[in-house]
Undergrad: 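What follows is a single structure, and I will ask about it in a moment.
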Protein chains: 2
Amino acid sequence: MDSTGTGTGFAARGHDHGQCVADALAMAEAVCARRNARLTRLRRRVFEMLWAAHKPTRAYDLLDRLRSEHDGAAPPTVYRALDFLLEHGLIHKLESLNAYIGCVQPDAPHRGQFLICEDCQSVAELDDPDIARRVLAKAHDLGFAVRHQTIEVSGTCADCSEARDERGRDA
Amino acid sequence: MDSTGTGTGFAARGHDHGQCVADALAMAEAVCARRNARLTRLRRRVFEMLWAAHKPTRAYDLLDRLRSEHDGAAPPTVYRALDFLLEHGLIHKLESLNAYIGCVQPDAPHRGQFLICEDCQSVAELDDPDIARRVLAKAHDLGFAVRHQTIEVSGTCADCSEARDERGRDA
DNA sequence: ACGATTGTTGAAACAGTATAACATTACCCG
DNA sequence: CGGGTAATGTTATACTGTTTCAACAATCGT
Ligand SMILES: [Zn+2]
Ligand SMILES: [Zn+2]
Ligand SMILES: [Zn+2]
Ligand SMILES: [Zn+2]
């Protein structure tokens, strides 16, 4: 299930990333097939790039990479692909970064919660029902009908905290 | 304490908005005085505009209003004022809208949670410690050190839901 | 097979959001 | 006053995202 094999939401540093990307792609194919959505070459390529990067990636970075392998690429090219992938829940947009990242569980639609490391740009996608439920409950108390939740937490991941501690001892 | 007099986080429709803006301004003055921060005319003006609008406002909308009363205004003019106000917790940025809004409780620094009505653009700033705590707890489990939380919920507020229901009955 | 319909891509221009860099002015303090 | 720091003016530029229309391709009903 968890192709990164960590259980923490963060990708393990030594994981088999080739397999990780292949698994994600297979999952995307399956999801699209089930819905008669067309995962065209362009869309598949953008999805692959996002997974290959394994960290939040900006639209124009994707565009640069697209251009390097295909001349006609322009902003709408990448934004249209992103829109498609977003619609089908295959990727998420991180609003606080204006960046995009592959979804770790595209099977069931969900509003992810994200932990974003400011040091190494790694991202953990949580799916904590408690958090989502608490937000829903509070909104419901106020008569507010929730359509979408954006929950993004920035800070420092465990690895980077350790590294920082070690540097601290050296100094 | 709650100058809008609602207790729901949303501003009441009939509230004394002149007083509401004046209260916010007084609070901002107090906060800045306490910290020896200079709430200059420009910064005060931007803060006032945000409170006067009482809904998420974009930087370039503020800029347009500034220009109408002051020739030299340019993008940096407004962004610098916004930066100052953000630093001192007098306003918040809504990442999912690229818009800014006055903070309802600038005394204590906090990471607000926002309910954003897609119909009427009204915003409720919550300060639910349960939500924040649950996010912190989950992050802590993963060894993640939280610096900042972005929690924005879009949907439909109670007033707009009612209005929609009534339109539904008419049809 | 055929045309109508729909979805996808190509291409150019444009709109909106934000910052960099440097010159100038206003404020504070000794 | 002089000298330093904070704030603003000014210009230019980078980054993010949309609109528009034309061309093309897959799909579907006949
Ligand atoms: Zn991987
Ligand atoms: Zn990290
Ligand atoms: Zn008001
Ligand atoms: Zn509303």
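Because only heavy atoms are used, hydrogens play no part in the values below, and waters and symmetry mates are left out as well, while side chains stay in. Note that the coordinates shown come from a computational prediction; the quantities given were computed from them, not determined experimentally. Naming: A, B, ... by sequence-line order, numbering from 1 per chain.
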Undergrad: Check the distance between dA6(D)'s P and Arg35(B)'s CZ and give it to me in whole angstrom.
TA: 17 Å
Undergrad: In whole angstrom, what separates Leu39(A)'s CG from dT8(C)'s C1'?
TA: 13 Å
Undergrad: Expressed in angstrom and rounded to an integer, what is the separation of Asp83(B) atom CG from dA18(C) atom P?
TA: 10 Å
Undergrad: Describe the nucleic acid contact of Arg41(A) in one word from base, sugar-phosphate, nothing, applying a heavy-atom distance below 4.0 Å.
TA: nothing
Undergrad: For Arg41(B), look at atom CZ and say whether over 12 heavy atoms of other residues, nucleotides or ligands are found less than 6.0 Å away.
TA: no
Undergrad: If I take atom CG in residue Leu94(A) and atom P in nucleotide dG17(D), what distance separates them, rounded to the nearest angstrom?
TA: 12 Å
Undergrad: So which protein nitrogen or oxygen atoms get under 3.5 Å of nucleotides 13-17 of chain C's nitrogens or oxygens?
TA:
{"from": "dT17(C)", "atom 1": "OP1", "to": "Arg58(B)", "atom 2": "NH1", "distance (Å)": "2.3"}

Undergrad: Applying ring-ring contact (aromatic ring centres under 6.0 Å, His included), can you list everything that pairs with His140(A), at least two apart in sequence or on another chain?
TA: none
Undergrad: In terms of the angle between their ring planes, are His15(B) and His54(B) parallel, tilted or perpendicular, with boundaries placed at 30° and 60°?
TA: perpendicular
Undergrad: Any idea which heavy atoms bring Leu90(A) and Phe47(A) closest together, and the distance?
TA: O-CE1, 3.4 Å
Undergrad: Which residues satisfy the side-chain hydrogen bond (donor to acceptor under 3.5 Å, both in side chains) test with Arg67(A), sequence neighbours excluded?
TA: none
Undergrad: Flag the pair Asp130(B) and Arg133(B) as a salt bridge only when some basic side-chain nitrogen lies within less than 4.0 angstrom of an acidic carboxylate oxygen.
TA: yes
Undergrad: Atom CD of Glu95(A) to atom C1' of dA18(C): distance rounded to whole Å?
TA: 16 Å
Undergrad: Strictly under 4.0 angstrom, non-hydrogen atoms only: write out the protein contact profile of nucleotides 23-30 of chain C, one letter per nucleotide from the 5' end, B, S or -.
TA: ----S---
Undergrad: Rounded to whole angstroms, how far apart are CZ on Arg80(A) and C1' on dG10(C)?
TA: 7 Å
Undergrad: Per the end-axis method with five pairs at each terminus, what is the bend angle of the helix from dA1(C)-dT30(D) to dG30(C)-dC1(D), to 10°?
TA: 40°
Undergrad: Provide, to the nearest angstrom, the distance between the NE2 atom belonging to His88(A) and the C1' atom belonging to dT8(C).
TA: 13 Å
Undergrad: Rounded to the nearest 0.5 Å, how far apart are CZ of Arg45(B) and CG of Leu62(B)?
TA: 10.0 Å
Undergrad: Quick one: side chain to side chain contact (heavy atoms under 4.5 Å, CB included) partners of Lys93(B), sequence neighbours excluded?
TA: Leu86(B), Glu95(B), Asn98(B), Tyr100(B)
Undergrad: Working to the nearest 0.5 Å, report the span between CD1 of Ile116(B) and NE2 of His148(A).
TA: 10.5 Å
Undergrad: Return the minimal non-hydrogen interatomic distance between His92(A) and Cys103(A), and the atom names on each side.
TA: NE2-SG, 3.3 Å
Undergrad: Can you name the closest pair of heavy atoms from Pro106(B) and Val31(B) and give their distance?
TA: O-CG2, 4.1 Å
Undergrad: Would you please confirm or rule out a distance under 4.0 Å between OP1 or OP2 of dG10(C) and any side-chain N or O of His70(A)?
TA: yes
Undergrad: Can you tell me how far C1' of dT5(D) sits from CG of Asn36(B), to the nearest Å?
TA: 15 Å
